[in-house]
Amino acid sequence: MSIHITLPDGAVREYPSGITPLEIAKSISEGLARNVVAAKINGEVCDATRPIQESSNLVLLTFNDTEGKKVFWHSTAHLLAEALESLYPKVKFGIGPAIDNGFYYDVDMGEKGVLSSHDFPAIEAKMLELAKQKNPYIRTEVSKQYAVEYFEKKGDQYKLELLENLQDGSISFYQQGNFIDLCKGSHLPTTEPIKAIKLLNIASAYWRGDESRNTMTRIYGISFPKDKELKEYLHLLEEAKKRDHRKLGAELELFMFSERVGAGLPIWLPKGTALRTRLEDFLKKEQQKRGYQLVITPHIGGKNLYITSGHYEKYGKDSFQPINTPREGETFLLKPMNCPHHCEIFAHKPRSYKDLPIRIAEFGTVYRYEQAGELHGLSRVRSFTQDDAHLFCTVEQVKGEFLNVLELTLLVFQKMGFKDYTAQISLRDPATPEKYIGSDENWAAAERAIIEAAAEKGLKTTTELGEAAFYGPKLDFMVKDALGRSWQLGTIQVDYNLPERFDLSYTGTDGQAHRPVMIHRAPFGSMERFISVLIEHTAGRFPLWLAPDQAIILPISEKFLDYSQQVAQFLDSKGIRATIDERAETTGRKIRDAEMRKIPIMIIVGEKEADTQTVSVRLKDKENGDKGAMNWGDFANLFQELLDNE
RNA sequence: GCCUAUGUAGCUCAGGGGUAGAGCACUUCCUUGGUAAGGAAGAGGUCGGGAGUUCAAAUCUCCCCAUCGGCUCCA
């Protein structure tokens, strides 16, 4: 009997029933067959060695496919387990999945205790040795009873616990070499393609993420079909380390932390403040153009405010504890969000439909008690400033406001040089409508508005059902930085809850009170987080308009300090931020230091320049950095040109 | 909050029960220079904090704090 296989390009081929994807690949080309790691049959990922009985759609997966990578890495996790078992016979295994970048395996080392990264080379060597044996990954379907007996005999309580939740009849083992694991797959045909392996990290993790359970040793690793790819990946990791915003932030004197001020409380140094202020000014100007009104609200708010907003009930226990006044015994909380304050602004006077939409914006600093172990540079802090705004509008205006915000957010990304981003639209789960506040019609209208607005802006979107907040649907931007890493930045959220809780209303054309819709939005997200991403994206080489120091004047010798002062005054008059390196150092040294400080423009002045009233300009980029001598006016023009080209 | 590791000069790090070390940075002096590190001298530390063991603790033990990597959480 023969079957029809439909390939992704639409081609239909005829094969005998029972043929495997691997054999199909071979029939197409040997090269393809060598690269096939797994297959997708009618949308389901499976082993490339699984026979196909019926006519199907087939996608052959290689390492270049995301799903192929996962299979590859998952198979490597099994290889890691095999190596560990052969090196440490007492080891017991938890789970060993593929992750976005590689894989991990959770293991219990038993009496041997902890493993350390010093053990990695030996384990890697063992893994490579085992990979070279080209053992096939053999799938066996087993009964639950058989599986239980197997792991009982082996004494692996973790696998036994996993088995408890599995249905008899859907249990499979995979074996490669001497190692057998409970696993639903899929896997590589053999260990052969695993040519380059690196164990990266060791950490502890609770069994099943439950802190009352055993801690397991988690070993992270990554693998590739080619050594070159591993080298490139390791290079990327190194590059990421060099760009770490914590390191660059300290080196470039952007921000600091102080034990005495407190963990997770960033202190913005003058240069960081200059950078941040420019970002804020940029957004303020753009918001003003779009009808936003800037407000300032206090850093604390009365407890009743948060009881009204519902935040107290939901987060009160896990927040910074209340502040009490000594005499009156009033209770205040550090504000964890700006929206309750903004709701009060909306409520402070009667509003008409003619006033809507009302757009209230604030660079509002908020305080949240993040767990000590969670703090991380500027990306995870306890005090941060949101580029917050709340739009109060009618249901009909939601789409227009969304378009407005999307346009602003895209402008921000463009201005910062983020070219690759997707929008995640989070909708409610239709199966559990009771989890959400607000009427059905309003939800449907808002969800439709978001989807349409995103489509009109031509955004690449993903849609997640059930990811909406209980108070409304939202859209989050996922931005890829220069190293290809994804970050969640801007967010737009529809909120039906707070207008309800604050009993907000406006008078409609019918003279009746109506409930406004509230939209939270923050194109940057938070200044701290955004700047941390910006630092890593640009590696500290900020665009000219943002750079704290745009230019530095380097006198060839102290004799030209006077001339340097004149140049500095001219630059200042042109609004160019420049300083003079007045040290008695060689020019080479001054250039090197300016490079290290990542200052975009160097202006070198010596006898030649002083005599001819010119400046010699050197830009950061190596290729055509040396622009030679030019008169002051020409430099000002060049500067403007550089600004305009950003 | 939990698990692992770390904490020595501004930075990067060495050392290690008995007078605290290097390189860079810093200060001073010499050098007055032409596109990524000129030379010399000097200053700088209660070795994260507290308690304990000891004749003696930066070193060993315990408790805190901070940080790294994870886990859990994230309005």
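Only heavy atoms go into these numbers, but all of them, side chains included; no hydrogens, no water, no symmetry mates. Given the structure is predicted, the values throughout are model-derived calculations rather than measurements. Naming convention: chains lettered A, B, ... in sequence-line order (proteins, then strands); numbering from 1 in each chain.
- A/F103 and A/M127 make their closest contact through CZ-CE, 4.4 Å (heavy atoms, listed as atom of the first residue, atom of the second, distance).
- The CZ atom of A/R260 sits 15 Å away from the P atom of B/U67 (whole-angstrom rounding).
- Closest-nucleotide positions on RNA chain B for A/L375 and A/M216 were compared, and the one nearer the 5' end corresponds to A/M216.
- For B/G33, the OP1/OP2 oxygens have no side-chain nitrogen or oxygen of A/T587 closer than 4.0 Å.
- Here the side chain of A/Y220 is nearest to one of B/G70, B/C68, B/A75, namely B/G70.
- Shown here are the side-chain hydrogen bond (donor to acceptor under 3.5 Å, both in side chains) partners of A/D549, two or more places apart in sequence or in another chain: A/K271.
- Residue A/G588 is in sugar-phosphate contact alone, with no base atom involved, counting any heavy-atom pair closer than 4.0 Å across all strands shown.
- Within 4.0 Å of A/S258, counting heavy atoms only, lies no atom of the nucleic acid at all.
- Counting heavy atoms of neighbouring residues, nucleotides and ligands inside a 6.0 Å radius, atom NZ of A/K198 does not exceed 12 of them.
- If you take atom P in B/A43 and the same atom in B/A20, they sit 16 Å apart, rounded to whole Å.
- Taking atom C1' on both B/U8 and B/G48, the two are 10 Å apart, rounded to the nearest angstrom.
- Heavy atoms of A/S616 sit under 4.0 angstrom from at least one base atom.
- In this structure, A/D581 atom CG and B/A37 atom P are separated by 14 Å, rounded to whole Å.
- When the P atom is used for both B/G70 and B/U35, the distance is 44 Å, rounded to whole Å.
- A salt bridge is absent between A/E238 and A/K241: the closest approach of a Lys/Arg side-chain nitrogen to an acidic carboxylate oxygen does not fall below 4.0 angstrom.
- Taking atom CZ of residue A/F560 and atom P of nucleotide B/G33, one finds them 7 Å apart after rounding to whole Å.
- A salt bridge links A/K335 with A/E362: the distance from a Lys NZ or Arg NE/NH1/NH2 to an Asp or Glu carboxylate oxygen falls below 4.0 Å.
- More than 12 heavy atoms of other residues, nucleotides or ligands sit less than 6.0 Å from atom CD of A/Q321.
- Distances from the side chain of A/I556 to the nucleotides B/G34, B/G38, B/G69 place B/G34 closest.
- Checked against B/U32, B/C74, B/G69, the side chain of A/N201 finds its nearest nucleotide in B/G69.
- In this structure, A/E370 and A/A263 both approach RNA chain B, and ranking their closest nucleotides by distance from the 5' end singles out A/A263.
- Across B/G69, B/C74, B/G7, the shortest atom-to-atom separation from the side chain of A/H376 is found for B/G69.
- By the ring pair (Phe, Tyr, Trp, His ring centres under 6.0 Å) test, A/H299 is found to be paired with A/Y367, residues two or more places apart in sequence or in another chain being considered.
- For A/T586, the side-chain atoms get nearest to B/G38 when compared with the rest of B/G38, B/C74, B/G69.
- Of the candidates B/A37, B/U35, B/G1, B/G1 carries the atom nearest the A/A372 side chain, counting heavy atoms from C-beta on.
- For A/A629, the side-chain contact (heavy atoms from CB on, under 4.5 Å) partners are A/T614, A/S616, not counting sequence neighbours.
- One atom, CD of A/E467, and another, P of B/A75, lie 11 Å apart when rounded to the nearest Å.
- Residue A/E607 is classed as a base contact, given a heavy-atom separation below 4.0 Å to a base.
- Comparing B/A9 with B/G15, their P atoms sit 15 Å apart, to the nearest whole Å.
- Between B/G39 and B/U32, the two C1' atoms lie 14 Å apart (nearest whole Å).
- Residue A/F257 is out of contact with every strand shown, counting any heavy-atom pair closer than 4.0 Å.
- Comparing B/U28 with B/U4, their C1' atoms are spaced 47 Å from each other, to the whole Å.
- When heavy atoms are screened at a 4.0 angstrom cut-off, A/R380 is found touching base atoms of the nucleic acid.
- Contacts with RNA chain B (heavy atom under 4.0 Å) in residues 234-241 of chain A: none are found.
- A distance of about 15 Å separates the C1' atoms of B/U54 and B/A58, rounded to the whole Å.
- A/A594 comes within 4.0 angstrom of no nucleic acid atom, judged by non-hydrogen atoms across all strands.
- On a pure distance criterion of 3.5 Å, a polar donor-acceptor pair joins the side chain of A/E609 and the base of B/G34.
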Practice item. Dot-bracket for RNA chain B, please, read 5' to 3', with Watson-Crick or G-U wobble pairs under 3.5 Å on both distances, ( ) within the strand, [ ] crossing, | other strand, . unpaired. Key: (((.(((..((((....[..)))).(((((.......))))).....(((((..]....)))))))).)))....
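- Per the geometry, CD belonging to A/E259 stands 12 Å off P belonging to B/G50, to the nearest Å.
- Of the candidates B/G34, B/C71, B/G33, the closest approach to any side-chain atom of A/S557 belongs to B/G33.
- B/C64 sits 32 Å from B/A22 when the C1' atoms are compared, rounded to a whole Å.
- Under the 4.0 Å criterion applied to side-chain N and carboxylate O atoms, A/K559 and A/E607 are not assigned as salt-bridge partners.
- Residue contacts for A/K590: at a heavy-atom cut-off of 4.0 Å it reaches no nucleic acid atom on any strand shown.
- Between the CZ atom of A/F320 and the P atom of B/A75 there is a distance of 16 Å, given to the nearest Å.
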Check your understanding: Which is it for A/R597 and A/E251 under the side chain to side chain contact (heavy atoms under 4.5 Å, CB included) test, yes or no, and what are the steps along the way?
Key -> CA-CA 8 Å; A/R597 288 167 61 191; A/E251 279 172 14; over 6 Å; no
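- Phosphate contact (OP1/OP2 of B/G33, side-chain N/O of A/R583, threshold under 4.0 Å): absent.
- With hydrogens and angles left out, the side chain of A/R368 and the base of B/C74 share no donor-acceptor pair within 3.5 Å.
- Computed from coordinates, the A/Y104 OH to B/U4 P distance equals 19 Å when rounded to whole Å.
- Note on A/D318 versus A/R368: no salt bridge recorded, every NZ/NE/NH1/NH2 to OD/OE distance being 4.0 Å or above.
- A salt bridge does not link A/R428 to A/E467: none of the charged nitrogens lies less than 4.0 Å from a carboxylate oxygen.
- Of the candidate nucleotides B/C71, B/A36, B/G34, B/C71 has the atom nearest to the side chain of A/R218.
- Of the candidate nucleotides B/A36, B/G38, B/G33, B/G33 has the atom nearest to the side chain of A/E558.
- In terms of the ring pair (Phe, Tyr, Trp, His ring centres under 6.0 Å) criterion, residue partners of A/Y158 (sequence neighbours excluded) are, by chain and number, A/W207.
- Atom-to-atom, CD1 of A/I202 to C1' of B/U4 comes out at 9 Å; the value is rounded to the nearest Å.
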